Structures are given as structure tokens and as C-alpha cells.
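Below is one structure; the comments refer to it alone.
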Number of protein chains: 2
Amino acid sequence: MRDADAPLHSKQRSRLIDVANHAGVTKSVVSRVLNNDRTLSIREETRTRILDAVRDLGYQPHTGARALAGASTRALALLIPDLTNPVYSRITRGAVQQARARGFAMLLAEDSADFGVDRQFADLVASHRVDGLLIASARPDHPLLGMLPDSRIPHVFVNRVVAGSGRNISLQIEAASQAALDHLLALGHRRIGHVSGPEQLAPTVSRRAGLLGAAAAAGIPEPSIESGEFNEQGGYAAATRLLADHPDLTAIYASTLNQAIGVLSAVHAAGLRIPGDISVISYDDLPLAGFLHPPLTAIAMPLMELGQAAVDALCAQLEGAPPKDVLVPGAPEVVVRGSTGPPRSGPPAGTAKVPS
Amino acid sequence: MRDADAPLHSKQRSRLIDVANHAGVTKSVVSRVLNNDRTLSIREETRTRILDAVRDLGYQPHTGARALAGASTRALALLIPDLTNPVYSRITRGAVQQARARGFAMLLAEDSADFGVDRQFADLVASHRVDGLLIASARPDHPLLGMLPDSRIPHVFVNRVVAGSGRNISLQIEAASQAALDHLLALGHRRIGHVSGPEQLAPTVSRRAGLLGAAAAAGIPEPSIESGEFNEQGGYAAATRLLADHPDLTAIYASTLNQAIGVLSAVHAAGLRIPGDISVISYDDLPLAGFLHPPLTAIAMPLMELGQAAVDALCAQLEGAPPKDVLVPGAPEVVVRGSTGPPRSGPPAGTAKVPS
DNA sequence: GACGCCTAGAAAACCGGTTTTCCCCGGCGG
DNA sequence: CCGCCGGGGAAAACCGGTTTTCTAGGCGTC
């Protein structure tokens with residue numbers, strides 16, 4: 001058992017057996033050392049000899065062989081609804097970083113209109129490609145929800161509360177709505193509009209509930225609400241309806257940043273000034289918000305932390321802990337920019353096309 | 001060999017051997033049928049019996065076992081510089097969709113400032129986790145570039161020309177600059193500014209070269225150029241410098257959409273009107289552009305197609321074809337919105353802080 | 001009728017790990 | 001002196017596929 005016994009396939013990938021030969025032990029010992037098997041007793045000297053061999057040969061375990069032998073794949077999969085939405089991008093960033101920090105690779109899938117993603121996503125686990133799933137797109141009617149509970153697939157829901165699942169990773173959405181309203185109230189607003197999201201989505205409901213609850217508590221008139229898709233067009237359309245139907249509004253709270261951009265556009269198109277005629281505030285803050293016209297007041301949410309927390313929670317499941325709901329800490333913070341100000345005193349000054 | 005021989009682990013994942021028993025053949029035959037082995041001769045009846053068994057048992061091959069046995073992992077990895085940049089998001093979307101269409105899973109990594117990503121990225125291949133790499137972030141000084149050529153790792157460069165690599169998947173960038181200039185020329189502009197990107201990046205250079213070449217050919221004064229990072233702040237800073245140093249400019253061409261948003265903001269901040277005082281046009285078009293203030297004229301590039309083409313090219317390599325450069329077809333198209341118009345006749349009317 | 005060939009599929013040898021079992025050896029207690 | 005025990009590691013049995021090799025029978029041919 002000398003070093004000369006080591007194979008000399010210079011250019012070759014080295015395998016566990018190569019490391020074992022190089023260190024003068026059997027591969028089982030090397031495996032157990034690398035995996036910190038507590039039931040193995042080994043001399044310190046031998047252990048360092050093995051670790052040296054691993055380093056010298058640049059040993060990299062074969063993921064497939066490892067998975068086959070019953071160990072985990074050390075890979076997770078993330079399912080998100082829309083890759084181009086910067087909010088999900090930040091969640092994704094947090095998740096990818098945290099996964100990497102924990103030694104996991106991250107697979108990505110986009111839900112979109114792509115029929116069959118759900119099935120394929122479940123197959124990722126069935127084919128032992130990943131150890132668990134991060135699901136950021138669970139609509140109540142999502143087919144995936146039907147298949148997950150029976151299976152033993154470890155998974156968490158990110159930013160999407162699935163009632164009773166006991167594995168929801170979420171933000172303090174109600175508190176965010178409260179903070180938005182507080183900001184508007186402090187400025188003197190009382191007639192407020194809300195651009196909401198698709199009806200079935202949990203964040204939509206939470207944001208709305210938070211706003212309505214806070215408004216009732218503050219004793220102001222009930223906010224007017226219009227819904228739209230979570231994109232610029234959805235925000236534009238909803239805001240246009242709000243402005244036409246409720247000329248007395250002095251502020252609009254948008255449910256997402258993308259919608260807020262549409263809201264700004266709609267208010268401009270109506271000939272109103274921001275914040276002179278209408279103040280606009282948005283859930284979600286990103287650097288982009290500061291460069292809009294006017295710069296957008298927004299509520300910063302810990303999105304990257306959300307992604308990280310989701311990975312942490314999933315890893316906890318993988319280590320055997322029972323799943324549990326997680327509320328990501330960190331109070332929502334209002335980033336005040338130019339799109340909010342005191343309410344106008346009279347009726348809107350703009351050239352909004354009000355019904356004649 | 002009757003059906004009764006099949007194991008009855010009802011709830012169990014079924015394996016190749018289970019399918020074989022169910023069909024009354026050996027697993028080698030099943031494997032070869034599933035992989036379309038042309039050297040296998042088999043009766044049509046037996047083949048359908050096997051395929052039926054596969055369906056009945058919901059057989060799903062074990063990815064790891066397959067990879068271990070020498071076949072491919074059917075997974076690719078994508079390395080992008082910035083997850084939150086919507087331009088990369090669209091490239092990612094195209095790549096993920098195409099990978100899925102071809103039966104590949106997609107792993108994701110973000111390059112950012114994260115030290116060690118390059119090494120870890122190469123390890124993805126070393127550990128047989130993926131079959132190939134899509135690299136959308138190759139700066140000339142990127143450490144990854146040093147390690148790739150010697151290795152036999154299949155890879156392509158996306159939207160980032162690495163000279164001499166012979167595996168660049170790129171867009172018609174020069175043509176896009178030409179189109180942008182043509183649009184401005186048609187409106188009557190002659191003094192044009194360009195907000196460029198980081199100096200070392202290939203797209204930066206191409207965009208600039210395309211513009212300068214087209215300008216020279218048109219016989220107008222050489223465009224003024226300032227560089228900035230590929231984000232809103234970078235565009236803001238560069239545009240601010242352009243406006244201060246060159247008060248005679250009547251139009252600005254921004255290198256990316258994010259920069260263009262910063263440009264709009266900077267022009268507003270300088271007290272100038274768009275397009276009254278300054279026209280703004282951007283490379284990259286996204287839905288977002290239509291909701292800015294004013295709506296942004298932009299050059300639509302086939303970004304999803306770029307991502308798809310990259311996957312196609314990589315798959316071709318995996319199938320044995322030698323790597324080659326690919327220029328994604330589809331001529332750049334100018335989407336005209338409100339941010340461009342005829343040049344003003346006199347000096348800028350705004351309250352720009354010009355040196356007193 | 002013997003031989004070769006082709007068809008249809010069986011058998012078995014891997015791939016590179018993990019994990020359980022087993023063994024050898026030295027020390028210690030009775 | 002013998003048996004037992006525990007430390008240190010060897011051996012081997014898997015995991016679930018892929019791929020190469022091998023074989024039994026049927027058929028055409030000389």
C-alpha cells in the first residue's frame with residue numbers, strides 16, 4: 001500500500017476508490033470519513049491522510065452514484081410563476097444563494113401557462129433529481145396541490161399561504177398594508193383606492209384584509225378596490241377604473257411594484273399630477289422604484305430573506321424536522337419618495353375624463 | 001413469468017426490474033426499448049407490452065442510476081450575472097422553456113459578487129450533475145474562462161462573445177444600433193449621446209461600434225459617449241454627465257432598458273422635457289417600457305429566442321456536433337413610443353444646471 | 001442434413017458511491 | 001492463561017440503471 005499503488009490516469013476524474021488507494025485504506029473508510037459517520041472509529045493520523053488524499057486528487061463525488069446509494073441528491077427545485085417579475089427575482093436570488101451556502105444546487109422551473117409543469121415538477125422528485133420543492137406559485141386550484149399531500153415529497157410554499165398545509169413561508173403582509181395606510185393617514189389622506197391582485201391569491205387577500213382592517217380601525221371611509229393581474233397592464237387597468245369611478249380618491253395603494261408602474265402611467269394618462277392630485281404608494285421596493293417619475297414611495301419587504309428562509313425551512317424538513325409555518329421577521333419599512341404627499345383640498349384638477 | 005410475479009409494493013416507486021417482470025422480459029430489454037436502441041430487435045407485440053407496463057406502473061427512471069451507468073444526466077446549468085435584470089430574465093425564460101421541451105432540467109446560478117461561483121459551477125460538471133453549461137456572464141477576466149478550454153466540458157456563451165471560443169450565441173447588436181440611429185436620423189436628430197455599459201463587455205463594445213459606424217456613415221457628428229453600470233443608477237449617472245458636458249445633444253441612446261430608466265430620471269431631474277428637449281431610445285424592449293413616463297421608444301430584441309438558441313446549440317454539442325457560433329436571426333425592430341420626437345430647434349429650454 | 005445466419009431476447013458485467021457486517025488485534029480482567 | 005471487549009478498519013452487499021456479450025431456436029442454403 002504505497003502511493004505508487006494509486007492509478008496514474010493523470011487526466012482522469014478521480015473516484016472514491018482512487019482516494020482510498022492513495023491513502024492506503026478502503027473506500028468505505030473514505031466514504032465514512034467524508035460523511036462524518038460517528039460510528040466509525042479512526043485514528044486522527046489516518047483521517048488526515050485521507051483528507052490529504054482527497055485534496056491532492058481533487059476528488060469530487062459523483063452525484064448520481066451518491067443518490068443511487070440512497071443518500072440525498074443535494075439539489076432543490078424552485079417553481080416560480082413569472083421569471084420576469086423582479087419581485088420573484090429577488091426571492092429567487094435569496095433562495096439560490098442560501099441553497100448554495102448549504103451545498104445544494106437549485107433547479108428552476110417557471111409555471112406560466114405551460115401546461116404540464118406541475119406533473120413534471122413532481123417528477124423531479126420521483127426521478128430522484130431533487131430532494132425537495134420550493135413552490136412560489138400555489139394558486140388554490142393548482143394541480144400540484146392535489147398531488148403533494150399524499151406523496152412524501154418534502155416541500156414548502158413560498159409567499160403563498162396554502163391553508164392548513166403547515167408549511168407556509170410568508171411575510172408580514174398585513175403589517176405592510178398597515179404601514180402603507182399609516183403613511184397615507186399621516187399625510188392627511190382619507191379616501192384611498194387599492195389596486196389589488198388576482199382574487200384567489202393569498203397575498204392578494206392578505207394585503208386587502210390588512211388594508212381594510214386598518215382603515216376600519218382608523219375610522220376612515222372604506223377604501224375602494226379594483227383588481228388586476230400582477231403586471232403593469234393590470235395596474236394600469238385597475239387604476240383607470242378607480243379614477244373613473246371614484247373621483248374623490250386622493251391616494252392609491254398598489255399591490256405590487258409592477259402594478260404600481262401601471263398605476264403611475266394611468267394617473268398620468270388621466271391628466272392628474274402625482275402627488276399633487278393623487279398620491280401613489282406600492283407594496284414591494286426595488287432600486288427601480290427610485291428612478292420612476294415621480295420616484296415611487298414603496299414598502300420594502302425582505303424578499304431575499306424570504307427566499308433564504310424558505311430554503312432553511314425546506315432543509316429542516318430534509319433533516320427530519322416536521323414542517324411548520326414560518327413568518328419571516330423584519331418589519332415592513334416605508335421608503336418615502338416623491339409619489340406621496342398631502343392630499344389636494346378640492347376636486348381633482350386634472351383633465352380626467354369624468355362622465356359628462 | 002406472469003403478472004403475478006410482479007412485486008406488490010403497492011405504494012412503492014417502481015423500478016426498471018419491476019417493469020420487466022410485469023412485462024415478462026428482462027430489464028435490459030426494457031432499457032433498450034425505452035432508449036430506442038436500434039441494435040435491439042424485438043417483436044412489435046413485446047414492445048407494446050413493455051410500453052404498457054411502463055405506463056401502468058408509472059415508471060420513472062432514477063436519474064442518478066442513469067447518470068451512473070454512463071448515460072447523460074439530462075440537466076443543464078445556466079450562469080447569469082444578475083437575476084433581477086429583466087433582460088436576463090427573458091433569456092432565462094427562453095432557456096428554461098427550451099430545456100424543458102428537450103427533456104432537460106435547468107440548474108441556476110447567479111454570478112454576482114459571489115466569490116467562488118466559477119469554481120462551483122465547473123464542479124457541477126465534474127460531479128456529473130449536469131451535461132453542459134450556458135454561460136451568460138463571461139467577462140473577459142472571468143476565472144471560468146481560464147478553466148473551461150482545457151476541460152472537455154460542453155458549454156456555450158450566451159449574449160457574451162468570447163473571441164475565438166467558437167461557441168458564441170449572440171444577437172444582431174450592431175444592426176440594433178443601426179436601427180436606433182436610423183430612427184433618430186429620420187426624426188432629424190444630429191447630435192446624439194450614448195449611454196454605454198461597462199467597458200470590457202462584448203455587448204457594450206458591439207453596441208457602441210454599431211452606433212459609431214452608422215453615425216460615420218450618415219455623416220453626422222460623432223456621438224458623445226458616457227459609460228455606466230447596467231442598471232438604473234448607471235444610466236442615471238452617465239446621462240447626467242452627458243447632459244452637463246454636451247448641452248447641444250438632442251437625443252440619447254441607452255444601452256439597456258434599466259439604464260434607460262435611469263436616463264429618463266436624469267433628464268427629468270435636469271428639468272428637461274422628453275421628447276421636447278431630449279429624445280430617449282433604448283436597446284431592449286419589455287412590456288415595462290410602455291408604462292414609463294413618457295412611454296419609452298425601444299428596440300425589441302429576440303431575447304427568449306436567444307435563450308432557446310443557446311440551449312439548442314448546447315444540445316447539439318451534447319449530440320456530438322462540434323461547437324459553432326450562432327447569430328440569432330430576427331431583425332431588431334424599433335418600437336416607437338412617446339420618448340422620441342423631432343429635435344428642438346434652439347438650445348435646451350430646461351432648467352438644467354449648466355456651468356455658470 | 002449440416003452449417004451458418006438472423007431474430008428475439010437473456011445474462012451479466014459494470015458505473016461509483018453508502019452502509020452494514022465482519023474480522024483482526026491488542027489490552028485487560030478473572 | 002483464557003476469554004471478552006473495543007478500537008480500527010476491511011469486505012461485501014447493495015442502489016437502479018446501461019451496455020456488451022451470449023444463447024436458443026427457426027430458417028434458408030449448399
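Residue numbering restarts at 1 for every chain, and letters A, B, ... go by the order of the sequence lines. The shown structure was predicted, so the numbers you read here are calculated from the model rather than taken from an experiment.
A 4.0 Å heavy-atom criterion places the boundary nucleotides of DNA chain C facing chain B at C:dT7 to C:dG16, written 5' to 3'.
Here the P atom of nucleotide D:dA10 and the CZ atom of A:Arg32 are 11 Å apart, to the nearest Å.
For the segment residues 38-45 of chain B, residues with any heavy atom less than 4.0 angstrom from an atom of DNA chain C are, sorted by number, B:Leu40, B:Ser41, B:Ile42, B:Arg43.
Scanning both residues, A:Lys27 and A:Leu16, for their nearest heavy atoms gives O-CD2, 3.7 Å. For the pair A:Asn159 and A:Leu306, the tightest heavy-atom approach, listed with the atom from each and the gap, is CB-CD2, 3.7 Å.
Of the charged side-chain nitrogens involved, none lies within less than 4.0 Å of a carboxylate oxygen, so that A:Asp123 and A:Arg129 do not count as a salt-bridged pair.
Side chain of A:Asn35 to backbone of A:Asp37: no donor-acceptor contact under 3.5 angstrom is found. No donor-acceptor pair closer than 3.5 Å links the side chain of A:His22 to the backbone N or O of A:Ala20.
Remark on DNA chain D: of its neighbouring residues B:Asp37 and B:Pro61, the 5'-side contact belongs to B:Pro61, judged by nearest-heavy-atom nucleotide. Each of B:Thr26 and A:Ser31 was assigned the nucleotide of DNA chain C with the nearest heavy atom; the assignment lying further toward the 5' end belongs to B:Thr26.
Not one side-chain nitrogen or oxygen of A:Ser28 sits closer than 4.0 Å to the OP1 or OP2 atom of D:dA11.
With B:Phe157 as reference, B:Ser165 is the one residue of B:Ser165, B:Ser170, B:Pro323 to meet the side-chain contact (heavy atoms from CB on, under 4.5 Å) rule. Partner of A:Val156 under the side-chain contact (heavy atoms from CB on, under 4.5 Å) criterion, out of A:Val162, A:Leu76, A:Asp312, A:Leu314: A:Leu314 alone.
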B:Asp52 and B:Arg49: CA distance, side-chain angles, deciding distance, salt bridge (charged side-chain N to carboxylate O under 4.0 Å, His left out) verdict: CA-CA 5 Å; B:Asp52 286 351; B:Arg49 191 151 34 90; over 6 Å; no

